Amino acid sequence: MPLADGLRLPVNGLDYAILALYFVVVLGIGFAARRSVRTSLDFFLSGRSLPAWVTGLAFVAANLGATEILGMAANGAQYGAYTVHWYWIGAIPAMVFLGLVMMPFYYGSKVRSVPEFLLHRFGPSSHLLSSVIFAVSSVLIAGVNLYAMAIVLQALLGWPQWVAIVVAGFFVLAYITLGGLSSAIYNEVLQFFVILAALIPLTVVGLKRVGGWHGLSQSLTASHGDNFLSAWGGTGIGHPNPLGANWLTIVLGLGFVMSFGYWTTNFAEVQRALSAKNLSAARRTPLIAAFPKMFIPMVVVVPGLIALVMEPSLGKAGGDLSYNDAIPVLMRDLLPNGVLGIAVTGLLAAFMAGMAANVSSFNTVFTNDIWAAYVKRGREDAYYLRTGRVVTAVGVVIGMGTAVIASSFSNIMNYLQTLFSFFNVPLFCVFIIGMFWKRATAAAGFWGLLSGTVAAMVNYFWFYKQGVIGIPSDQGANFVSSIVAFVVGAAVMLVVSLCTAPKPAASLAGLVYGTASPGMAEPAAEGDDAWYRRPALLGWGAVVLAAACYVPFSL
């Protein structure tokens with residue numbers, strides 16, 4: 001996925017000064033957060049002490065990595081308005097479900113990670129398997145952010161890839177090792193605003209250059225047809241479209257299994273909510289994040305469309321510009337010095353936020369769910385705190401290595417969605433069935449998770465890649481793989497559960513819907529009756545607003 005050689009930016013001393021200032025602030029936050037780290041709970045979950053607005057912004061910023069900035073802009077240029085499905089169908093409903101339904105189970109059970117919940121519900125076999133799967137996926141995704149950042153800085157600034165990887169890896173390693181999750185979260189809040197400061201001017205200036213929304217629409221309709229700017233046009237079953245998917249695979253594959261699988265079981269996101277100061281704040285974390293999330297397409301997808309008008313050769317066979325070049329092309333052609341420095345800093349902040357989210361979740365899962373649970377049990381808390389810091393360094397180094405794997409994909413969003421269909425969807429299948437069906441057994445949890453993962457891989461690498469079945473695109477294949485993973489995992493869980501003995505009902509308190517535990521019945525704090533502290537009101541407001549956002553892209 002190397003970027004084109006002609007994207008070098010005319011940066012000057014002012015741009016580099018802005019970049020240096022950002023690095024200084026990042027390390028300063030790490031040193032400031034270090035004073036609050038006294039126990040392993042402080043390091044891995046910020047001592048469960050952070051307010052909802054901080055965890056909410058960190059929740060959305062943790063997802064603003066390579067997948068958002070380069071990946072979704074590339075999707076916008078390649079697939080057009082179909083890309084908005086990843087937000088208003090593929091994110092908002094699942095974030096609302098996480099806040100309203102699943103967070104009481106996560107936070108109320110006082111687990112420190114998503115795999116630890118499976119330990120309580122299904123036992124050690126499912127726990128260990130899910131921990132290993134999550135650890136592998138975390139370092140793979142961290143590698144995506146490092147690789148994307150390295151090629152961007154190489155193309156834009158002339159830095160060698162290895163220099164960019166080492167520089168960004170060092171700063172992420174430094175501030176997470178110093179301040180743990182608190183440092184990562186507060187830096188993510190900073191990065192959220194830096195990213196917006198970079199993308200908003202890029203979008204505004206770009207729209208002005210192409211004649212506003214009217215000019216953009218006219219140009220793309222003339223060159224790509226009426227359906228390119230319609231979210232649902234051409235998605236009838238059997239109808240061809242650039243996305244290679246129909247409304248059924250979009251709703252079921254993306255909107256249900258892939259979306260819910262990512263947002264409700266991906267510990268890189270859930271960890272932010274678990275660090276909140278109480279259950280009310282934990283439930284509001286993904287709901288607060290849902291409101292800025294639904295407007296992100298305006299500054300990520302729209303620039304991809306603008307780049308397609310300004311550079312018609314983008315993604316064309318035989319050309320030197322790929323879809324991943326959309327954002328760098330706009331930065332090169334539109335931004336003056338100073339603003340250019342902010343834009344480069346915003347890109348770097350995005351990649352570091354995405355990598356930090358995965359590294360901080362990796363160190364928590366590896367230390368608590370693998371090392372402390374199965375390798376070195378019963379040690380003093382200080383030992384696990386030291387282990388967490390060492391594992392952070394290991395995760396960063398492995399992430400540097402896995403960056404090479406991402407280079408084989410022309411669109412990094414395709415790579416990320418492939419990983420999600422392999423790892424997150426089977427985990428969501430096991431979670432959702434275990435949460436709502438008391439009869440689901442420990443053996444069913446293990447075999448459901450394993451069979452779902454294997455089924456997704458078989459569908460992608462054999463049925464799709466070997467041409468056994470015809471699927472028009474990688475994204476379409478990912479949607480189908482997600483459906484296959486969920487259906488196979490659910491079927492296996494049903495059969496195995498009926499053939500094995502369930503856990504005693506008393507051991508399921510607080511782990512299955514309809515049962516309660518003391519941690520889930522948290523008394524309301526003073527002032528919790530205010531409208532902005534009511535999760536149900538926030539959740540339904542987000543769903544209604546997301547539905548309204550669809551209107552301009554559906555007509």
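All values reported here derive from a predicted model rather than from experimental measurement. One-based numbering along the sequence shown. Computed over heavy atoms, backbone and side chain alike; hydrogens, waters and symmetry mates excluded.
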If I compare all heavy atoms of [X] with all of [Y], which pair ends up nearest, and what's the gap?
| X | Y | value |
| --- | --- | --- |
| I195 | G346 | CG1-O, 3.5 Å |
| S421 | A456 | O-CB, 3.5 Å |
| A307 | L330 | CA-CD2, 3.8 Å |
| A73 | I327 | CB-CG1, 3.6 Å |
| A77 | F228 | O-CZ, 3.6 Å |
| P292 | V60 | CG-CG1, 4.3 Å |

Taking atom types as modelled, find out whether [X] and [Y] have a side-chain donor-acceptor pair closer than 3.5 angstrom.
| X | Y | value |
| --- | --- | --- |
| T55 | T285 | yes |
| R272 | S360 | yes |
| Q191 | Y22 | yes |

Counting distance only, does the side-chain N/O of [X] pair as donor-acceptor with the main-chain N or O of [Y] below 3.5 Å?
| X | Y | result |
| --- | --- | --- |
| R283 | M103 | no |
| H85 | A231 | yes |
| Y107 | A276 | yes |
| D15 | G338 | yes |

Roughly how far, to the nearest 0.5 Å, is the [atom2] atom of [Y] from the [atom1] atom of [X]?
| X | Y | atom1 | atom2 | result |
| --- | --- | --- | --- | --- |
| W86 | I92 | CH2 | CD1 | 15.5 Å |
| L274 | L181 | CG | CG | 9.5 Å |
| L57 | F291 | CG | CZ | 13.0 Å |
| L538 | M95 | CG | CE | 12.0 Å |
| E269 | L98 | CD | CG | 9.5 Å |
| L196 | I296 | CG | CD1 | 5.5 Å |

(message) Please determine whether ring pair (Phe, Tyr, Trp, His ring centres under 6.0 Å) holds for the pair F362 and F267, giving the CA-CA distance in whole Å, both sets of side-chain angles, and the decisive distance to 0.1 Å.
(response) CA-CA 9 Å; F362 168 77; F267 186 51; over 10 Å; no
For a 4.5 angstrom cut-off between non-hydrogen side-chain atoms, does [X] reach [Y]?
| X | Y | answer |
| --- | --- | --- |
| D325 | L314 | yes |
| N187 | F192 | no |
| N459 | V480 | yes |
| W53 | R284 | no |
| T418 | Y460 | yes |
| Y82 | N227 | yes |
| L229 | H224 | no |
| W213 | Q218 | no |

(message) Does V25 form a side chain to side chain contact (heavy atoms under 4.5 Å, CB included) with L190? I'd like the steps, not just the answer.
(response) CA-CA 9 Å; V25 173; L190 167 68; 3.6 Å; yes
(message) Once you measure the plane-to-plane angle for F97 and F260, does it fall in the parallel (<30°), tilted (30-60°) or perpendicular (>60°) bin?
(response) tilted
(request) Can you run down the side-chain hydrogen bond (donor to acceptor under 3.5 Å, both in side chains) pairs that involve residues 293-304, sequence neighbours left out, and say none if there aren't any? (result) N63-K293, E68-K293
(request) Using the side chain to side chain contact (heavy atoms under 4.5 Å, CB included) rule, take S259 and I89 through it: C-alpha gap first, then chi angles, then the decisive distance, then the call. (result) CA-CA 8 Å; S259 166; I89 278 186; over 6 Å; no
I'd like to know whether the aromatic ring centres of [X] and [Y] sit less than 6.0 Å apart in this structure.
| X | Y | value |
| --- | --- | --- |
| F428 | Y262 | no |
| F134 | F423 | no |
| F461 | F422 | yes |

(request) Check the pair M298, T203 against side chain to side chain contact (heavy atoms under 4.5 Å, CB included), reporting the backbone distance first and the verdict last. (result) CA-CA 8 Å; M298 309 307 174; T203 306; 5.9 Å; no
(message) Between E311 and K316 (salt bridge meaning N to carboxylate O under 4.0 Å), is one present in this structure?
(response) no
(message) As a quick check of understanding, evaluate side chain to side chain contact (heavy atoms under 4.5 Å, CB included) for V309 and S219, giving each step before the final call.
(response) CA-CA 7 Å; V309 173; S219 298; 3.9 Å; yes
